[in-house]
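I have placed the structure first, in the form of structure tokens, so that the comments after it can refer back to it.
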Amino acid sequence: MKAAITATGKYLPPDKLTNKDFEKIIDTTDEWIQSRTGIRERRILKDPTKATAFMCAEAAKEVLERRGVSAEDIDLIIVATISPDMFFPSTACLVQDLIGAKNAWGFDLSGACSGFLYALVTGAKFIETGMHQKILVLGGDKMSTIVDYSDRNNCILFGDAAAGVLLEPAKDGYGVLDARLYSDGTAGKNHLYMLGSGSLNPPTHDTVDKKMHYLFQDGKVVFKSAVIGMADVAAEMMTRNSLTAVDVAYLVPHQANLRIIAATAERMGIGMDKVAVNIDKYGNTTAATLPLCLDELNLEGNLADGDNLILVSYGAGYTWGGVFVKWQSI
Ligand code: COA
């Protein structure tokens with residue numbers, strides 16, 4: 001028995017940070033950002049008393065409401081994030097409290113931009129073994145707390161959001177049918193990281209002065225790896241599952257850069273009309289991008305029973321992967 005995605009939901013903070021806003025704080029232009037990345041604006045959670053757990057809980061509430069399921073029916077909560085409210089308790093435990101999922105257990109998963117894909121596959125396995133019937137898989141990041149707004153190379157890329165799905169046992173032939181997940185710490189460790197705040201460089205005045213509590217990315221190097229990695233894994237998913245371009249209803253890619261997304265679509269031989277794109281509105285929301293895309297496709301009524309979806313991601317680690325989902329309309 002496989003796991004079907006039976007509901008989706010999201011939380012988007014109300015405040016927008018546009019490219020024009022960036023023109024006032026760093027040396028950049030709307031034209032540069034749009035042409036290099038495809039991003040026009042992103043959402044920022046300005047309220048300092050709210051963070052990733054709040055956004056994930058709001059997304060979870062929407063998932064439950066759409067499916068008409070009570071929080072008490074949830075068996076497991078998995079939260080993919082690299083910006084947890086705190087190291088412990090886990091964001092999953094904070095979400096459990098906020099939504100009242102008192103019969104669930106849960107944990108956080110750190111997979112950066114591939115976090116949701118890793119969490120989706122992990123959750124699916126608990127359904128496949130028969131251990132659980134209802135699993136919330138959430139991806140959320142308050143990236144604005146780890147982005148250096150004086151670093152023009154990176155600050156324009158990221159936004160805040162959370163989104164998620166409900167996993168339940170699928171009908172025969174439906175659900176999460178195949179996955180390939182990868183990591184390469186050797187290639188990835190020097191190009192995309194946050195040095196401070198962990199046990200190697202615990203916070204001190206010195207680490208803060210050196211801005212080690214902020215994300216660092218060598219964009220050009222990561223871009224080159226991401227273009228190859230995401231396109232390769234998308235092609236691999238098609239080959240493994242004997243899918244041609246016409247068989248694919250939608251490519252649902254991580255939203256890091258529109259040029260990486262377009263290169264992946266080209267490699268698959270599909271037009272951009274079959275690609276979920278919302279990077280223009282939200283930027284890179286790290287663990288939230290894939291469920292955000294799924295939720296938009298779902299809400300707009302674009303997903304039909306039996307549709308073949310290919311989900312792909314690439315991010316810090318490096319981490320990357322692909323998942324093949326046969327969509328089940330409930
Ligand atoms: N506004 C204007 N100029 C900027 C800028 C900004 N916000 N940020 C950087 N620049 C400058 C740089 O200083 C550099 O100038 P230099 O050539 O004088 O040193 C130049 O623009 C770089 O331009 P270009 O080579 O055209 O950029 P790019 O095509 O490499 O695009 C990124 C830059 C960051 C958008 C791109 O590399 C990227 O998206 N990287 C990876 C993202 C990713 O996939 N992450 C993985 C998951 S998170």
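FYI, side chains are in, hydrogens and waters are out, and symmetry mates aren't considered; it's all heavy atoms of this structure. As the structure lists them, so they are numbered: ligands from 1, and atoms in each ligand from 1.
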Any donor-acceptor pair under 3.5 Å from Gln255 side chain to Pro253 backbone:
yes
Do side-chain atoms of Glu62 reach the backbone of Gly9 as a donor and acceptor pair under 3.5 angstrom?
no
Output side-chain donor-acceptor pairs under 3.5 Å for residues 76-85, partner residues at least two apart or in another chain, one line each.
from	atom 1	to	atom 2	distance (Å)
Thr81	OG1	Ser83	N	3.0
Thr81	OG1	Gly140	O	2.8
Thr81	OG1	Asp141	OD1	3.0
Ser83	OG	Thr52	OG1	3.4
Ser83	OG	Asp141	OD1	2.5
Ser83	OG	Lys142	N	2.9
Asp85	OD1	Thr52	N	3.1
Asp85	OD1	Ala53	N	2.8

among protein heavy atoms, the one nearest atom 41 (C) of ligand 1 is Gly219 O, 3.4 Å
Heavy-atom contact check, 4.0 Å cutoff: does Asp27 meet ligand 1?
yes
Heavy atom to atom 31 (O) of ligand 1, shortest distance: which of Glu31, Arg259, Gln255 holds it?
Arg259
Looking only at protein heavy atoms, which one is nearest to atom 47 (C) of ligand 1, and how far off is it?
Tyr314 O, 3.5 Å
Which residue supplies the protein heavy atom nearest to atom 13 (O) of ligand 1, what is that atom called, and how far is it?
Arg152 NH2, 3.1 Å
Please answer whether the main-chain N or O of Cys93 pairs with a side-chain N or O of Ser90 as donor and acceptor at a distance below 3.5 Å.
yes
Starting from atom 44 (O) of ligand 1, which protein heavy atom do you reach first, and at what distance in Å?
Ile260 CD1, 3.2 Å
Could you pull out all donor-acceptor pairs under 3.5 Å where a side-chain atom in residues 156-172 meets a protein atom, sequence neighbours excluded?
from	atom 1	to	atom 2	distance (Å)
Asp160	OD1	Met143	N	2.8
Asp160	OD1	Ser144	N	2.8
Asp160	OD1	Ser144	OG	3.3
Asp160	OD2	Leu45	N	2.8
Asp160	OD2	Ser144	OG	2.7
Glu168	OE1	Lys134	NZ	3.1
Glu168	OE2	Thr6	OG1	2.5
Glu168	OE2	Arg67	NE	2.6
Glu168	OE2	Arg67	NH2	3.2

Might you point out which heavy atoms bring Met194 and Tyr214 nearest each other, and give the distance in Å?
CG-O, 3.5 Å
Of the backbone atoms (N, CA, C, O) and the side-chain heavy atoms from C-beta on, which set of Phe22 has a member under 4.0 Å from an atom of ligand 1: side chain, backbone, both, or neither?
neither
What residue and heavy atom of the protein are closest to atom 25 (O) of ligand 1, and at what distance?
Lys220 NZ, 2.2 Å
Protein contact to atom 46 (C) of ligand 1 [nearest heavy atom, distance to 0.1 Å]:
Val222 CG1, 3.4 Å
Considering only heavy atoms, does Asn284 approach ligand 1 within less than 4.0 Å through its side chain, its backbone, both, or neither?
side chain
What part of Asn257, side chain from CB on, backbone N/CA/C/O, both or neither, has a heavy atom under 4.0 Å from ligand 1?
side chain
Indicate yes or no for a side-chain donor-acceptor contact from Thr207 to the backbone of Met212 under 3.5 Å, with no hydrogens or angles considered.
no
Within a strict 4.5 Å, meaning less than it, do heavy atoms of the His191 and Gln217 side chains meet?
no
Of Tyr318, Trp320, Tyr314, Tyr118, the one forming a ring-ring contact (aromatic ring centres under 6.0 Å, His included) with Tyr182 is Trp320
Close approach of Ile33 to ligand 1, heavy atoms, under 4.0 angstrom
no
Which residue and heavy atom of the protein sit nearest atom 45 (N) of ligand 1, plus the separation:
Gln217 OE1, 2.9 Å
Below 4.0 Å, non-hydrogen atoms only: which portion of Trp32 touches ligand 1? Side chain, backbone, both or neither.
side chain
Give me the residue, atom name and distance of the protein heavy atom closest to atom 6 (C) of ligand 1.
Thr28 OG1, 3.3 Å
Within the 6.0 Å centroid threshold, strictly below: Phe22 and Trp32
no
